Amino acid sequence: METQNPPAVHIKDLRKVYVVSQQESGAKAALRGLVRRRSIEVPAVDGISFDLAPGEIVGFLGPNGAGKTTTLKMLSGLLHPTAGEVKVLGYTPWKRDKPFLRQITLVMGQRNQLVWDIPAIHSFELNRAIYRIPPDIYRSTLRELTDLLELEPLLNKPVRNLSLGERMKCEIAAGLLHRPGMVFLDEPTIGLDVTMQRRIRSFIAEYNQRFGATVLLTSHYMADVEALCRRVVVIHHGRLLFDGDLSSLVQKFTDHKTIVVRLGDCHADLKEYGEVVSCVDGLVTLRVPKSGTAQVTERLLADLPVIDLLVEDPPIEELIERVFAQEKP
Amino acid sequence: MTFLRLLAAFFKVSVVGEVAYRVNFFIQLFQTFLSLVVSLGGLAVIFSYTDKLGGWGPQEILALVGVYFLVGGMIGLVIQPGMEKLIESVRDGTLDFTLTKPEDTQLIVSIGRIDIWRLIDILLGLGIMTAALIGLGEKVGLWQAGMFLLMLAAGGVIIYCFFLILATLSFWFVRIENILTIFQSMYEAGRWPVSLYPPWLRYGLTFVVPIAFATTVPAEALTGRLNWETLLGAVGLALLLLVISRVIWRVGLRHYSGASA
């Protein structure tokens with residue numbers, strides 16, 4: 001290969017500012033507001049840049065209101081950026097060219113596109129007509145998706161009779177019938193039980209492998225991200241906080257390690273060794289500064305009747321929480 | 001071509017959705033029947049006192065009633081449901097899915113919901129018109145039939161654009177479902193030739209809420225009383241509204257993608 005593949009997604013200094021008219025409290029002020037509205041500018045996305053290589057699955061993380069959905073909407077052509085560059089598969093999304101729209105999909109866990117009162121298979125047919133999928137390709141894609149997601153028993157039931165998880169599987173299938181090469185998933189596992197989350201997760205990995213699709217995934221469940229994404233992009237207050245390997249995220253943002261010690265009981269006072277997070281049936285969890293880990297371990301082993309000892313990174317969930325808690329407006 | 005292909009696809013979905021709720025069929029049948037009784041009863045009463053109503057004979061008014069049912073059926077079949085769905089989808093955000101589809105959004109939205117039972121009104125309208133034409137005898141020639149179809153198309157386009165403009169307002173004012181209901185009650189006025197109404201109402205029904213073009217004008221064409229001014233006016237207004245509504249639609253869509261969260 002002489003030339004490197006162009007990125008599937010390229011954004012640079014992307015900004016989106018919402019103009020929000022302010023409603024003042026009190027009747028008098030509200031009346032005044034009818035005549036002269038005071039509006040303020042709220043930057044939802046405030047200058048973020050990143051590229052996605054073709055075929056990558058990237059986790060897009062941030063607390064509520066960080067600007068994830070706004071970014072996804074700009075990438076899928078729903079919103080005009082206020083400023084900055086954005087290219088997806090070489091197209092400018094907001095122009096909404098048909099060849100571009102034919103290659104992308106947006107699946108949102110909180111909204112559905114399937115027609116409520118009829119079986120999902122008919123909504124699929126509708127998408128087949130809209131995307132002009134040739135009959136033989138439609139049939140083979142449908143068969144593949146049906147097998148991978150175990151849709152067989154669901155296809156002919158009215159959507160309103162499906163469980164949340166079953167519906168989500170059908171939503172995902174509806175969004176992928178045209179075999180998009182660029183997949184935007186906004187909270188695809190929200191509200192689902194653990195088994196269903198796992199099923200959908202392995203499906204996303206499978207789809208990515210089979211079709212070489214690029215996937216940008218937002219999720220509140222770190223398990224999704226850990227299972228699927230080597231790389232994560234973290235945003236907060238509309239700004240990029242981190243972009244890199246999941247493991248280096250851990251390196252960068254943890255200054256503590258967790259030491260789990262099994263002792264006979266909970267009587268020993270371990271405060272001098274570190275912060276005691278919990279002690280259950282003699283299993284003590286300590287939080288210690290990363291730099292002091294070796295020293296504390298040594299002292300614990302020397303001073304106490306330790307049965308077992310384990311040094312770990314804190315759970316990623318806790319880590320992300322702490323990252324977000326560092327308010328950096 | 002695309003239009004017909006997608007219309008067929010959406011129609012199929014609506015049929016599948018509706019046959020499961022057959023009770024809607026009977027409700028619509030009953031409603032149409034009631035409306036028919038009111039219309040014909042009114043006609044019978046009025047023409048027991050007079051032979052002409054504003055220059056229209058009984059058979060001609062009957063033809064107008066036929067047009068009234070036909071056009072009302074067209075509105076209820078596809079125009080109104082589609083626009084109601086548009087307003088809903090702006091509010092709940094599902095318009096986003098339509099926007100990611102590789103087809104013109106206005107087209108998908110316009111045929112996005114179909115109330116198949118309103119076909120009853122269309123069939124009934126055709127039946128009443130046929131009966132009226134038989135009553136009128138050989139006075140309707142090919143030319144008149146052609147003009148009628150043209151005026152029907154113009155009226156349909158005008159009403160469609162009118163609805164689209166109203167529904168597009170939801171991009172700015174999210175809660176406006178009721179605006180379409182207001183139209184429903186105003187459409188009742190289309191049962192009678194607009195020439196019967198006092199001037200202010202006649203102008204209102206022609207230019208503010210263009211019901212005259214939906215019912216009176218096609219009926220005029222059918223009964224051979226259409227003049228050139230009206231014909232050109234109807235076609236011109238249809239084309240003009242088509243352009244205006246498209247412009248408003250695009251501005252609205254840009255507003256939606258510029259401001260929604």
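Not measured: the values here are computed from a predicted model. Each chain gets a letter, A, B and so on, in the order its sequence line appears, and its residues count up from 1.
- When side chains are defined from C-beta on, A:P119 counts as touching B:V16, because their heavy atoms get closer than 4.5 Å.
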Run A:R132 and B:T2 through side chain to side chain contact (heavy atoms under 4.5 Å, CB included) and show every step you take. CA-CA 10 Å; A:R132 302 169 194 239; B:T2 303; 3.3 Å; yes

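- Of the two parts of B:L99, the backbone and the side chain both hold a non-hydrogen atom closer than 4.5 Å to a non-hydrogen atom of chain A.
- Separation of atoms OG (A:S76) and CG (B:D96) is listed at 7.5 Å; rounding is to 0.5 Å.
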CA sep, side-chain torsions, deciding dist, call: A:R111, B:D92, salt bridge (Lys or Arg N to Asp or Glu O under 4.0 Å): CA-CA 8 Å; A:R111 288 180 190 166; B:D92 66 19; over 6 Å; no

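- Surrounding CZ of B:R91 are more than 12 heavy atoms belonging to other residues, nucleotides or ligands, all under 6.0 Å away.
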Applying side chain to side chain contact (heavy atoms under 4.5 Å, CB included), run through B:K101 and A:H178 and close with a yes or a no. CA-CA 11 Å; B:K101 297 287 187 280; A:H178 58 293; over 6 Å; no

Quick one, A:I130 with B:F10, criterion side chain to side chain contact (heavy atoms under 4.5 Å, CB included). Give me CA distance, side-chain angles, the key distance, then yes/no. CA-CA 10 Å; A:I130 290 171; B:F10 276 104; 4.2 Å; yes

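- For the atom pair CD1 of B:I108 and CG of A:L126, the computed distance is 8.5 Å after rounding to the nearest 0.5 Å.
- With chain A as partner, the option from B:L95, B:T94, B:V13 having the largest number of non-hydrogen pairs under 4.5 angstrom is B:V13.
- The NZ atom of B:K12 sits 4.5 Å away from the CD atom of A:E125 when rounded to the nearest 0.5 Å.
- Residues of residues 85-110 of chain A lying under 4.5 angstrom from chain B, judged on non-hydrogen atoms, are A:R96, A:K98, A:L101, A:R102, A:L106, A:M108 in numerical order.
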